[in-house]
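These notes are about the structure you will find just below.
Throughout, residue positions are numbered sequentially from 1 according to the sequence presented. Scope of the values below: all heavy atoms of this structure, side chains included, with no hydrogens, waters or symmetry mates. Keep in mind that what you see is a predicted model, and the values were worked out from it rather than measured.
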Amino acid sequence: MFDVFAQPRKFTPPRKFVARALAALSILWLAACEPVGVSLPAVGQERSIDTSRPVPVALLVPRSDEGAASIARDLETAARLAVDDLGDVAIDLRVYDTAGDAGTAASVAQRAADEGAGIILGPLFGEAANAAAVQVADDGLNVLSFSNNSSIAGGNLFVLGPTFENAADRLVAYAARQGRTRSVIVHPDTVEGQFGRNAIESAAAAQGMRVVGTVPFPFSEEGAVDAASRAVEAVRSNDADSIFLTSTSSGALPLLAQLLPEQGLDPSDTQYIGLARWDVPQQTLDLPGVQGGWFARPDEAMMESFRDRFETAHGRRPHPLAGLAYDGIAAIGALVEQGNGATLTRGDLTQSSGFQGTGGAFRLLPDGTNQRALAVATVRDGQVEILDPAPRSFRGAGF
């Protein structure tokens, strides 16, 4: 999921993927997942909100960051679309430019607090989100960032992005129900690869699955080639019945998904499981190693509905991260509609029933991370099939 993150591009994929799709994927994860040094401040007295008047919500996006301006535009557009969809719930959306810089993010977050914001939505980059949250903690202001880096979560900082833990928990639980009990993890030896490995190991421990081997590799084509042979040996020598791949389509996945079957690791005998989405870009679905494999994804019908509505209103397809801004406003709107004076406190934000977003049900957890309803999908003859649909609520079997 993260192996393009902050790394030089060293892979030459065995197939010709669409350059535009790969660039979009790189921006998607580079934007959301920077590992940062976390400083969790003491949170001040949380603000009370007057729900009889438009609730001021600060949206922090990198408008003037040349590399992320298009994402910022779509995040703002999606937030405004969500505000329009709230009906009688009145939100006063105030947009602040972080310029993609942590110091600027902290400065504008403080300005938003001083100008009466009831909550902050954003920023996009992990370091900026951390800086903003630290800055306004003593103002009693909660921050719903667009990051998916769970290591920055906590205190007054929540992450809205889909996390490694989400996908790992869903996939490991499903694998355990299918009788898969012994797995090998293959991951790039990067910060993000280690995060993915840790998420799988944690989920496996909770579900009674044994991780019988791990195969880290340098983030390079040569490293992935060597990892393929070592992974095959690890599966065979440890009698593993499944193999987890953390890599993305824009990283090592195309190479691994070709080499592993070529070296005798038959997907019909050993269950391939992907921590990243295997249906983005579309060309990934043709790789031999993903046929019959499992991966997790949101409710695609709901995602497509959001994309269609966005395109109808604005004449373009939204960036993949845009739905996070819609989700944030939807959650804020749902709480404002309840109309109590303490709306938007940590207790409200972490209500167990959660919220409905662009990809289905989601909820914010007390540790600042999130839980999202995911479907388990497989690939058959280059087409996606759903094995276990995403639960519609947090009483569903998928949680």
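Residue pairs meeting the salt bridge (charged side-chain N to carboxylate O under 4.0 Å, His left out) criterion with at least one member in residues 193-210, sequence neighbours excluded, do not occur.
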Is there a salt bridge (charged side-chain N to carboxylate O under 4.0 Å, His left out) between Arg346 and Asp348? Walk through the geometry before answering.
CA-CA 5 Å; Arg346 284 180 56 81; Asp348 293 314; over 6 Å; no
If you apply the rule side-chain contact (heavy atoms from CB on, under 4.5 Å), what do you find for Gln371 with Thr163, and how did you get there? CA-CA 8 Å; Gln371 190 174 27; Thr163 65; over 6 Å; no
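Between Arg372 and Asp327 there is a salt bridge, since at least one side-chain N of the basic residue sits less than 4.0 Å from a carboxylate O of the acidic one.
Using a 30° and 60° split on the angle between ring planes, Phe195 and Phe164 fall in the perpendicular class, above 60°.
Distance check, rounded to the nearest 0.5 Å: CG of Asn130 to CD of Gln135 gives 11.5 Å.
Cluster note: Leu81 groups with Phe306, Phe310, Tyr326 through ILVMFWY side-chain heavy atoms spaced under 4.5 Å, whether in direct contact or through intervening members. Residue Met302 shares its hydrophobic cluster (ILVMFWY side chains chained together at separations under 4.5 Å) with no other residue. Here Leu365 sits alone; no ILVMFWY side chain lies under 4.5 Å from its own, so it joins no hydrophobic cluster.
For the side chain to side chain contact (heavy atoms under 4.5 Å, CB included) test, residues two or more places apart in sequence or in another chain that qualify with Leu387 are Tyr174, Trp294, Val376, Thr378, Arg380. Remark: Asp226 pairs with Ser229, Arg230 by the side chain to side chain contact (heavy atoms under 4.5 Å, CB included) rule, at least two apart or across chains. Every salt bridge (charged side-chain N to carboxylate O under 4.0 Å, His left out) that Arg309 has, sequence neighbours left out, goes to Asp85. Every side chain to side chain contact (heavy atoms under 4.5 Å, CB included) that Ala168 has, sequence neighbours left out, goes to Ala199, Ile200, Ala203, Leu275. Contacts of Glu300 classified as salt bridge (charged side-chain N to carboxylate O under 4.0 Å, His left out), with partners at least two apart in sequence or in another chain: Arg277, Arg307. Every residue meeting the side chain to side chain contact (heavy atoms under 4.5 Å, CB included) condition with Arg63, not counting sequence neighbours, appears here in chain and number order: Val61, Glu76, Val95, Asp97. With sequence neighbours left out, the salt bridge (charged side-chain N to carboxylate O under 4.0 Å, His left out) criterion links Glu311 to Arg317.
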Which atom pairs, donor and acceptor, lie under 3.5 Å between side-chain atoms of residues 113-122 and protein residues at least two apart or in another chain?
{"unit_1": "Asp114", "atom_1": "OD1", "unit_2": "Gln110", "atom_2": "NE2", "d": "3.0"}
{"unit_1": "Glu115", "atom_1": "OE1", "unit_2": "Tyr96", "atom_2": "OH", "d": "2.6"}

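The heavy-atom pair separating Val379 from Val290 by the smallest distance is CB-O, 3.4 Å.
With contacts defined as side-chain heavy-atom distances shorter than 4.5 Å, the pair Arg316/Asp74 qualifies.
The backbone N or O of Asn142 lies less than 3.5 Å from no partner atom in the side chain of Asn156, so there is not a single donor-acceptor pair.
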